[in-house]
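Here's the structure we're looking at; comments come further down.
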Protein chains: 2
Amino acid sequence: MQRSNLGIKDLAKLADVSIGTVDRVLNNRSGVADSTKERVLRIIKETGYKKNVVASRLKLAKNKVIKIAILVPSAKNELSYWNLPLQGVDSAVDELSEMGISIDYFYFDLLNHQTFSDQIDKILKEEFDALITVPFFEFESNRLLGKAKELNIPVVFLDTERDLLFPGNFIRQNSFNAGMVAGRLLHGLIGDQGTYVVVNILNDRGKQINNFQRESGFRSYFEDCVEEEHIKLHTINHPLEDQFDLVPELKDLLDPNQQLGIFVTNARSFLLPDILASNHISNARIVGFDLNDKNISYLKNGSIDFLINQKPQFQGYAAVKGIYKYLTEEDMSQLNIDIPVEIVIKENVEYYTPFGRGVEF
Amino acid sequence: MQRSNLGIKDLAKLADVSIGTVDRVLNNRSGVADSTKERVLRIIKETGYKKNVVASRLKLAKNKVIKIAILVPSAKNELSYWNLPLQGVDSAVDELSEMGISIDYFYFDLLNHQTFSDQIDKILKEEFDALITVPFFEFESNRLLGKAKELNIPVVFLDTERDLLFPGNFIRQNSFNAGMVAGRLLHGLIGDQGTYVVVNILNDRGKQINNFQRESGFRSYFEDCVEEEHIKLHTINHPLEDQFDLVPELKDLLDPNQQLGIFVTNARSFLLPDILASNHISNARIVGFDLNDKNISYLKNGSIDFLINQKPQFQGYAAVKGIYKYLTEEDMSQLNIDIPVEIVIKENVEYYTPFGRGVEF
DNA sequence: GTTATATTCGTTAACGTACACGGAATCTAT
DNA sequence: ATAGATTCCGTGTACGTTAACGAATATAAC
């Protein structure tokens, strides 16, 4: 890291031109002779010049605000998961407010592809500098990436990774890896002799990419780590309904002499403890995802053993910061982030909960 | 958050004075009549003006560099723990380099109080704007805080919290809480029937505050959470020697029919697996602290089950950022931080290791 | 040789804050 | 009454970057 700390003015002196010319070279604008351009470029390389982003944004903050759009599923209520990335986004925008940055929110309906497409079109028309969204619809995501590539607008996808026709930027947890983590945690609690159940609680949209990957990672853990003998490992795919009761399916699987390990592949692990209790199943351990209020309260009373945090607030925060870094420094390194698979238990949950002890996300 | 985004110039216009006068009021310098001062203050309040820190630092970066000193134990080698906070410090300084900030490193000898005191005196003479250090010596830490208070220099302590005569700033993990976390993790693996051993591996300096607090938290977990029946819970305090062998003490405690849960209260949990193996003890589970290379390699091969991360790099990083925020915005909120008790296992260790997948500390 | 048209480059005024400098007004002392 | 001190406040420059403006030179067309 070459912290030379010299400015455009010094470059000008060294290259024996004016700062205007150096500026033209740096922002490769037209109107500079090839010979001088070469000379200036040489000086830039030799000195390891790095532009002062702060001064640059100070100048530009008024006229050239960086406009970011975020398009997420419309939330049913204020406790919705999708408010969390938005919180992080707000927090980053607030931090960068002095640098001239603005954010506009757009929403689509998870059950309606068209609403996503319509919003995308609207956003692309309004000349935003960057877009944050989710890759839930494959076809539409591909269409988006194609258009964005033409317009040279960076797109960052949150929450889920998926293969697309163009390379995309993803800020999300590796769900396969998260499943492996869940595998070890549950295995540690239950041991080789127990019965294991992967519970996919499906909503209107059915099984999502994350569910598949988490289950796959979970199974992979047991394939890798357990002496090949037959671990009893089952899967239940259950639609989410008003009167929700897993037990008929569970009962067949359950050996009362064995411990039961339950891995819930989404945020609805809070549904399990009551069902288990009402059916007098007491030897079960649960690992689930996400720090929603219900999950947290069951974690605190011991009904849920582990929660895995995918840091949704941080995803939004990091997306904005990454975009800012890319647009101001042409550094793309922060546009692709593997969110740590954070393990949360009763004793450390307060660090991860909003307004808890933590300062980070 | 009132993002009015108006500047000192707008304030001046509103108050019908010049920007110079507004500046004098803001930085409460002398030379402004009470009546106008009052008027300006009213405008400031009404508009919710917030100074543009970035522009301010741009102006001051050259002449008024923020000078920070960091005083840590001298490292035996490059892999030493104390290089980690320094890495974080460097990283923060790098991030803030455009804002005019500099760091100077000082070292003391952990076995010699006097070296600490001498370095403190040296630092205080050189007119630093802030100091980062560790509170390992009680008397000397008190002396430091007293002097720093006089000179109005903020001090941030890393790694360990301790009661001192003046209120201090601490960026550290709550070790009691970390012990509780270890308790639950080990209890989950071993269950009520096992034997538990807290191992304090002592070096030249004996038992440290963190060791006490971690053990205390660990014991507290079992008091709170386990149905009062007698959990078998023992403590071994063992000096660190070349030929280190815990087993004589362990053997007395060990029931071959029971699982053994070992909680190592410092970073030396890597010493245990070999000792256990050479004595044919195979039913032991280990929870330790810190992501040093040896611990990580045992974590990866399954000899250690959990490691607790206290994010030493982040501690250094956060200290510098907190000091910067305090000195530029008079916001002390980032000078006291409870580091999350991060749970690390084989499957997620790569997120926490330097040059791993993570972007944060 | 004059005018038009590019091409290349220097000058300068911002962005918001800090602070030195000095001007103007009021007050004190002789 | 006038010099000097004091109080109050406005002006101007600087931080590093950007970009509009225009000056200088070269090339082309008549």
Side-chain angles (χ1 to χ4, degrees), chain A residues 3-41 43-44 47 49-66 96-101 327-330, chain B residues 3-41 43-44 47 49-66 96-101 327-330:
Chain A
R3 278 271 144 253
S4 39
N5 262 358
L6 38 69
I8 198 173
K9 212 181 294 181
D10 307 291
L11 292 184
K13 208 167 290 170
L14 285 171
D16 199 33
V17 290
S18 77
I19 61 167
T21 302
V22 176
D23 177 65
R24 272 181 283 264
V25 174
L26 283 169
N27 302 42
N28 55 298
R29 281 194 281 257
S30 63
V32 42
D34 284 352
S35 60
T36 51
K37 179 169 183 172
E38 208 172 328
R39 182 156 37 100
V40 173
L41 280 174
I43 301 284
I44 291 174
T47 58
Y49 166 80
K50 268 210 79 190
K51 95 166 156 189
N52 187 324
V53 183
V54 160
S56 161
R57 286 311 301 168
L58 172 63
K59 166 68 179 156
L60 298 180
K62 268 286 170 56
N63 5 349
K64 299 228 167 150
V65 172
I66 293 178
L96 294 174
S97 68
E98 288 175 358
M99 324 296 297
I101 195 169
L327 291 177
T328 57
E329 305 182 46
E330 276 143 59
Chain B
R3 276 271 146 254
S4 39
N5 261 357
L6 37 70
I8 197 172
K9 212 181 295 181
D10 307 290
L11 293 184
K13 208 166 291 170
L14 285 171
D16 199 33
V17 290
S18 76
I19 61 166
T21 302
V22 176
D23 176 66
R24 271 181 282 266
V25 174
L26 283 170
N27 301 42
N28 54 299
R29 279 192 279 259
S30 62
V32 42
D34 284 353
S35 61
T36 52
K37 180 170 184 175
E38 208 172 327
R39 183 156 37 102
V40 173
L41 280 174
I43 299 283
I44 291 175
T47 58
Y49 166 81
K50 267 208 79 189
K51 95 166 156 188
N52 187 324
V53 183
V54 160
S56 160
R57 285 312 300 171
L58 171 64
K59 164 67 179 159
L60 298 180
K62 268 286 170 57
N63 4 348
K64 298 227 168 151
V65 172
I66 292 177
L96 294 174
S97 67
E98 288 175 359
M99 323 297 295
I101 195 168
L327 291 177
T328 58
E329 306 182 46
E330 276 144 59

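Each chain gets a letter, A, B and so on, in the order its sequence line appears, and its residues count up from 1. It should be emphasised that the depicted structure is a prediction, and the values quoted were computed from it without experimental measurement.
Counting to the nearest Å, the P atom of C/dG16 and the CE atom of B/M99 are 15 Å from each other. The interatomic distance linking A/K50 (NZ) with D/dG16 (C1') rounds to 14 Å, in whole Å. Regarding B/L26, its CG atom lies at a distance of 14 Å from the P atom of D/dC9, rounded to whole Å. Here C/dT17 presents its C1' atom at 14 Å from CG of B/L6, a figure rounded to the nearest Å. The nearest whole Å value for the distance from the CG atom in B/N27 to the C1' atom in D/dC9 is 15 Å. Atom CG in B/L58 sits about 9 Å away from atom C1' in D/dA14, given to the nearest Å. To the nearest angstrom, C1' of C/dC15 lies 14 Å from CD1 of B/I8. Put simply, NZ on B/K13 is 11 Å from P on C/dG16, counting in whole angstrom units.
Taking the side chain of A/K64 as heavy atoms from C-beta on, and the options C/dT17, D/dG10, D/dA19, the nearest nucleotide is D/dA19. With C/dA18, D/dG16, C/dG10 as the candidates, the nucleotide lying closest to the side chain of B/K59 is C/dA18. Here the nucleotide nearest the side chain of B/R24, chosen from C/dT17, C/dC21, D/dA20, is C/dC21. The side chain of B/A33 lies closest to D/dC9, out of D/dT18, D/dC15, D/dC9.
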> Between B/V54 and B/E98, is a side-chain contact (heavy atoms from CB on, under 4.5 Å) present by the stated rule, with each step listed?
Replying inline: CA-CA 9 Å; B/V54 160; B/E98 288 175 359; over 6 Å; no
>> One pair to check against side-chain contact (heavy atoms from CB on, under 4.5 Å): B/I43 and B/Y49. What are the steps and the verdict?
In response: CA-CA 8 Å; B/I43 299 283; B/Y49 166 81; over 6 Å; no
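Between A/T21 and C/dG10 there is a side-chain N or O to OP1 or OP2 distance below 4.0 Å. Within the 4.0 Å cut-off from OP1 or OP2 of D/dT17, at least one side-chain nitrogen or oxygen of A/Y49 is found. Listed pair B/S18 / D/dC9 fails the phosphate criterion, with no side-chain N or O lying under 4.0 Å from OP1 or OP2.
Nucleic acid contact for A/K62: sugar-phosphate only, since backbone atoms but no base atoms lie under 4.0 Å from a heavy atom of the residue. Contact annotation for B/A61: no contact, since no heavy-atom pair falls under 4.0 Å across all strands. Within 4.0 Å (heavy atoms only), A/G31 reaches at least one base atom of the nucleic acid. When heavy atoms are screened at a 4.0 angstrom cut-off, A/T36 is found touching the sugar-phosphate backbone but no base atom. No engagement by B/V53 is indicated, since no non-hydrogen atom pair under 4.0 Å with the nucleic acid exists. Nucleic acid contact class of A/L60 (heavy atoms, under 4.0 Å, all strands): sugar-phosphate only. Using a 4.0 Å heavy-atom criterion, one finds that A/N63 contacts no nucleic acid atom at all.
Side-chain contact between B/K50 and B/E329 is present, with at least one heavy-atom pair separated by less than 4.5 Å. Within the 4.5 Å cutoff, side-chain heavy atoms of B/I66 are placed close to those of B/R57. A/L11 is not listed as a side-chain neighbour of A/V40, based on a closest heavy-atom distance of 4.5 Å or more. Considering only heavy atoms from C-beta on, B/S56 stays 4.5 Å or farther from B/N52 through its side chain.
Both A/K37 and A/I19 lie close to DNA chain C; mapped to their nearest nucleotides by heavy-atom distance, the more 5′-ward contact belongs to A/K37. Heavy-atom distances to DNA chain D give each of B/S56 and B/R39 a nearest nucleotide, and the one nearer the 5′ end belongs to B/R39.
For A/R57 against C/dG16, a side-chain-to-base donor-acceptor contact under 3.5 Å is absent.
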